[in-house]
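A short worksheet on the structure shown next.
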Amino acid sequence: MRGHGARGATYPDLVGCAARTALLALALIATHASAEEYSFELSEIAKKTFEFSGYAEAKQEALTLRPDSVLGRINFPGGREHLDRSTGTLELAGAWNLPEAVINLRTHSEFVHDQAGPSQINRIQEGGVRWALNREFSLDAGKRVQRWGKGYAWNPVGFVERPKDPNDPQTSREGYVMAGAEWVKSLDGPLSTVSLTALALPTHDG
Amino acid sequence: MSRILLLLAAWLIAAPAWAIDGAAILRQVDRNLEPESYEMYRKLINIEPDGRKKEFVLYSVKKGRDKVAALFLAPASEKGRATLRLGDNMWLYIPGVGKPVRITSLQSVIGGVFNNADILRLDYTEEYAVELAKEEGGDYILELKAKTGDVAYDRLKMRVDKKTVLPRVIEASAASGMLIKTLTFKDMKDFGGGIRRPATVETDSPVFQGYKSVMLFSQLKRREVPDEVFTQNWLSRLEELRK
């Protein structure tokens with residue numbers, strides 16, 4: 001009769017026992033890894049009252065220019081053929097989420113250095129408050145970027161937008177100071193949605 | 001002889017009662033997976049052949065039969081992006097770029113194996129008709145055909161657990177019969193409010209050899225939101241719905 005204790009166990013028994021223990025350990029590790037692999041924590045979806053984000057970019061460009069072209073003559077009257085440009089960009093954004101309003105701010109800083117010399121930009125790209133009175137009506141005030149139209153490089157209806165950079169049409173742009181109101185209503189029938197956006201922009205001569 | 005004819009007549013009358021009502025099963029699958037109007041959070045994980053992973057977290061709301069909207073919460077580079085589906089029409093809103101642009105059901109806003117139709121899924125009964133329903137072991141097998149040519153997959157073969165009336169595996173095929181992807185439902189979870197369904201959906205595809213995508217569900221609950229939420233104007237405001 002074979003005993004159950006280690007003292008009475010044969011070599012194959014010990015090997016089998018070790019193998020089973022190793023398999024069990026591997027299974028536990030695998031289970032743990034699987035659980036970790038697909039974890040979805042509530043902290044990942046918690047709504048934050050304050051949010052901060054941003055990005056930094058360093059760019060080095062070596063440009064070959066055509067001195068006889070129209071743009072070449074306008075931008076570089078001295079007749080430059082090559083331009084080496086270093087650009088550092090820092091964009092920071094913050095938002096304060098209130099129950100019925102959002103206050104946000106986005107800044108843009110850029111340092112450029114090339115043969116023409118150094119230059120620097122520091123500005124508020126956009127910032128202000130949006131107040132949702134209800135699901136249909138919201139008010140907005142501050143420096144805002146309006147994006148009308150779907151054109152990639154140019155929009156015929158971009159009345160209150162700054163021009164896009166043709167070299168980088170997706171780059172973020174500076175807004176205009178304005179106050180706005182938006183009303184949106186869903187309807188039953190063939191006309192499913194009606195919306196109205198009203199904007200007021202301060203203007204001055206000179 | 002008359003007794004045999006009587007038995008045959010009785011069998012013919014009773015036969016329809018024994019037949020499997022595939023449409024009713026599919027309706028039950030839809031309601032067991034999600035309430036008609038809901039909110040939920042999902043994490044989508046794309047796993048590449050070399051093991052690299054990319055994760056996305058989405059907040060979604062659905063209303064009625066054909067309105068779905070989803071907001072990206074993570075990663076930071078995608079935060080604020082939002083998608084809207086009204087029937088067969090889909091739009092993508094990217095903050096800072098412009099007005100929402102149209103997207104198609106077979107594209108994918110996240111890359112990976114899940115396409116836009118998977119991410120903004122409507123009820124199966126909305127898009128598919130049951131062509132064949134049968135029993136196989138402890139499962140129902142439903143063979144579904146797309147109602148229109150605009151649906152992402154022309155055919156679905158759905159293996160449904162008879163006890164829970166929830167899908168185990170769905171094979172999605174093109175009109176040519178080629179298998180496009182396989183969706184596997186795992187990890188049964190009680191979400192509360194009478195909602196008990198798989199919390200994990202894995203998919204792989206012979207079209208994307210070695211790639212795999214996983215969808216994890218959380219905080220699925222009934223919620224009615226106004227119709228205005230499902231408009232292009234609201235894509236930049238979806239965060240306001242989150243509590």
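Reminder, nothing fancy here: chain letters follow the sequence lines and each chain counts from 1.
- The parts of B:S218 that come within reach of chain A are both its backbone and its side chain, each placing non-hydrogen atoms under 4.5 angstrom from that chain.
- Rounded to the nearest 0.5 Å, atoms OG (A:S186) and CH2 (B:W234) are 11.0 Å apart.
- With rounding to the nearest 0.5 angstrom, the CD atom of A:E51 is 4.0 Å from the NZ atom of B:K79.
- At a 4.5 Å heavy-atom cutoff, the contact between A:E182 and chain B is made by side-chain atoms alone.
- A salt bridge does not link B:K43 with A:E41: none of the charged nitrogens is closer than 4.0 Å to a carboxylate oxygen.
- Between the OG atom in A:S138 and the CD atom in B:E240 there is a gap of 7.0 Å [rounded to 0.5 Å].
- Taking B:R42, B:R242, B:E239 one by one and counting their heavy-atom pairs under 4.5 Å with chain A, the maximum is reached by B:R242.
- Proximity to chain B (any heavy atom under 4.5 Å) is shown, for A:R106, by neither the backbone nor the side chain.
- A:N134 and B:R237 get closest at one heavy-atom pair: O-NH2, 3.4 Å.
- In A:W183, the CH2 atom is crowded: over 12 heavy atoms of neighbouring residues, nucleotides or ligands sit closer than 6.0 Å.
- For A:D188, the CG atom is loosely surrounded, since the number of other residues' heavy atoms within 6.0 Å does not exceed 12.
- Put simply, CD on A:E44 and CG on B:L73 are 10.0 Å apart, with the number rounded to the nearest 0.5 Å.
- Within the 4.5 angstrom heavy-atom criterion, only side-chain atoms of A:L42, from C-beta onward, approach chain B.
- To the nearest 0.5 Å, atoms CG (B:D227) and OG1 (A:T193) are separated by 8.5 Å.
- For A:I124, the CD1 atom sits in a loose shell: 12 or fewer heavy atoms of surrounding residues, nucleotides or ligands are nearer than 6.0 Å.
- For A:V145, no part sits under 4.5 Å from any heavy atom of chain B, backbone or side chain.
- Summarising the geometry of A:Y38 relative to B:L216, their closest heavy-atom pair is O-CD1, 2.8 Å, with the distance given to 0.1 Å.
- With values rounded to the nearest 0.5 angstrom, B:E55 atom CD is found 9.5 Å from A:F40 atom CZ.
- What you find for B:P226 and A:R135 is that their closest heavy atoms are CG-CG, 3.3 Å.
- When all heavy atoms are compared, the tightest approach of B:E228 to A:V184 is CG-O, 3.4 Å.
- By the neighbour-count criterion of 12 heavy atoms within 6.0 Å, atom CZ of A:R162 is densely surrounded, having more than that number from other residues, nucleotides or ligands.
- Within the 3.5 Å criterion, the main-chain N or O of B:K243 finds no donor-acceptor partner in the side chain of A:K47.
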